[in-house]
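In what follows, chains carry the letters A, B, and so on, assigned in the order in which the sequence lines appear, proteins first and then strands, with residues in each chain numbered from 1. Here the structure is a predicted model, which means the values were calculated and not measured.
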Protein chains: 2
Amino acid sequence: MITNMKHIKNELEQKGIKPTYQRLCILEYLHAHLVHPTVEMIYDKLVERVPTMSKTTVYNTLKLLSEKGVINEITITGTEVRYDINCQSHHHFLCKKCGKIYDVDVTCPFANMDHKEISGHEIQEIHGYFKGICKECLTNQNNE
Amino acid sequence: MITNMKHIKNELEQKGIKPTYQRLCILEYLHAHLVHPTVEMIYDKLVERVPTMSKTTVYNTLKLLSEKGVINEITITGTEVRYDINCQSHHHFLCKKCGKIYDVDVTCPFANMDHKEISGHEIQEIHGYFKGICKECLTNQNNE
DNA sequence: ATTAAATTTGTAATGATTACAAATATGAAA
DNA sequence: TTTCATATTTGTAATCATTACAAATTTAAT
Ligand SMILES: [Mn+2]
Ligand SMILES: [Mn+2]
Ligand SMILES: [Zn+2]
Ligand SMILES: [Zn+2]
């Protein structure tokens, strides 16, 4: 397991973020749960171990990590932000039935575009995602 | 102008939607304002002409039109849904500064994929967008 | 030990969206 | 035209994610 506390601590320090206990817990959670969790999911789980954990701290920390480029915000459901520890530009699949978000392994188009502008607009981020019914939900449908 | 009231009425009837006055107004607005407006923008403008217009009706109608495939919901800002009269799969540019959403003219990758699945997931929609600073905001920056 | 700054916490406020029920409009049957 | 069922609209209240804010706590330097 690469994602032990020491590595997490290093990761924060390298980005100039003071490695408080709450921040370590939150970042560790993201390393261990690659399902693009919500604030709610993160908080509900961590508050079991750390009963003093505040939801505001989860929000604050995720915003900080996002600003520092440690994590990425994914806004494709329209109802809540999902968080991704994987900061390399990659694409996603959102299941309309169960709400799960999967990484998909397609070579990101435009990723190696030499010009970082389009129609005069300066491109800073490239996002792509599919919507549909996920593998798991398809299987469940057939077993009904 | 193709987007007169008669055409709008036809459009609704063809989709099996009763063309009420409110629905006509809302759909006409979307035809006339191709900037991917919010519910707020639509309501604020229409209530001037139709003072009895309710915001709930705007929500209801947009949901109906979306379900019937007349319009598309765009969820890329994370804070509110934007609406698009253009239902053909196309890509967008979101300006981080002014919040405007532009259509961008790139040939949608994956669009002509023969297989409508990826990693076992059934693909129903393909979305792509860029984030950055729009042409207009770049110009304003230079004139400060 | 003192003290200032950073962090965390709890609560209140905000803002978009939805739920819901009353009011109104529509349209067919009598 | 009246009657009556149904669809639509409207206003208000509720919900839910997120943010604002200030008090409490922790941290680190003096
Ligand atoms: Mn991902
Ligand atoms: Mn568009
Ligand atoms: Zn699923
Ligand atoms: Zn702009």
Side-chain angles (χ1 to χ4, degrees), chain A residues 8-9 12-13 15-29 36-68 70-84 94 99 101, chain B residues 8-9 12-13 15-29 36-68 70-84 94 99 101:
Chain A
I8 305 280
K9 187 156 171 284
L12 285 177
E13 281 166 345
K15 297 276 183 170
I17 302 170
K18 195 183 293 184
T20 66
Y21 185 62
Q22 287 85 342
R23 289 171 179 171
L24 286 173
C25 289
I26 291 166
L27 187 50
E28 185 201 30
Y29 181 94
H36 313 89
T38 64
V39 165
E40 197 71 17
M41 290 163 66
I42 300 169
Y43 171 76
D44 285 349
K45 193 65 179 182
L46 292 187
V47 80
E48 291 177 11
R49 269 199 296 144
V50 189
T52 62
M53 177 74 71
S54 156
K55 193 176 281 186
T56 300
T57 297
V58 178
Y59 273 105
N60 289 343
T61 301
L62 291 171
K63 173 177 284 182
L64 180 69
L65 294 178
S66 176
E67 284 166 359
K68 296 286 187 175
V70 181
I71 63 176
N72 257 136
E73 298 188 345
I74 303 179
T75 53
I76 67 184
T77 71
T79 56
E80 80 239 305
V81 179
R82 309 279 289 253
Y83 293 89
D84 197 341
L94 168 64
I101 293 179
Chain B
I8 305 279
K9 189 157 171 283
L12 285 177
E13 282 167 345
K15 296 275 185 171
I17 302 170
K18 196 183 290 184
T20 67
Y21 184 62
Q22 286 85 344
R23 290 171 180 172
L24 286 173
C25 288
I26 291 167
L27 187 51
E28 184 201 29
Y29 181 94
H36 313 91
T38 64
V39 165
E40 198 70 16
M41 291 164 67
I42 299 168
Y43 171 77
D44 284 350
K45 193 64 180 184
L46 291 187
V47 80
E48 291 177 11
R49 269 199 296 143
V50 189
T52 63
M53 177 74 72
S54 156
K55 194 178 280 188
T56 300
T57 296
V58 178
Y59 274 104
N60 290 342
T61 301
L62 291 171
K63 172 177 285 184
L64 180 69
L65 294 178
S66 178
E67 284 166 357
K68 296 287 186 174
V70 181
I71 64 175
N72 254 28
E73 297 189 345
I74 302 179
T75 54
I76 67 184
T77 71
T79 56
E80 80 238 307
V81 179
R82 309 279 287 252
Y83 294 90
D84 196 341
L94 168 65
I101 293 179

*What distance separates A:Lys15 NZ from A:Leu64 CG, expressed to the nearest 0.5 Å?*
11.5 Å

*Can you tell if the side chain of A:Tyr83 reaches within under 4.5 Å of the side chain of A:His36, non-hydrogen atoms only?*
no

*Please tell me which of B:Thr79 and B:Lys18 maps to the more 5' nucleotide of DNA chain C, matching each residue to the nucleotide holding its nearest heavy atom.*
B:Thr79

*For the residue pair B:Lys55 and B:Tyr59, establish whether any side-chain heavy-atom pair is separated by less than 4.5 Å.*
yes

*CD of B:Glu80 versus P of C:dA16: gap in Å, rounded?*
7 Å

*Does anything in residues 49-60 of chain B reach DNA chain C, meaning a heavy atom under 4.0 Å, and if so which residues?*
B:Thr56, B:Tyr59

*When we call it a touch if two heavy atoms are under 4.0 Å apart, what does B:Thr38 touch: a base, just sugar-phosphate, or nothing?*
nothing

*asked:* Are the side chains of B:Asp44 and B:Glu40 in contact, using a 4.5 Å heavy-atom criterion?
replied: yes

*Taking atom CD1 of A:Ile101 and atom CD1 of A:Ile76, what is their separation to the nearest 0.5 Å?*
4.0 Å

*Does some side-chain heavy atom of A:Val39 sit less than 4.5 Å from a side-chain heavy atom of A:Glu80?*
no

*Reported CZ-to-CG distance for the pair A:Arg23 and A:Leu65, which is rounded to 0.5 angstrom*: 8.0 Å

*Any sub-3.5 Å donor-acceptor pair from A:Thr61's side-chain atoms to A:Thr57's backbone N or O?*
yes

*Can you tell me how far P of C:dT17 sits from OH of B:Tyr43, to the nearest Å?*
15 Å

_Interatomic distance where OH belongs to B:Tyr83 and P belongs to C:dA16 [whole Å]_ = 12 Å

*Along DNA chain D (nearest heavy atom to each residue), the more 5'-positioned of B:Arg23 and A:Val81*: B:Arg23

*CG of B:Leu64 versus P of C:dT18: gap in Å, rounded?*
14 Å

*Where chain B begins and ends its contact with DNA chain D, read 5' to 3' at 4.0 Å from heavy atoms*: D:dA7 to D:dT12

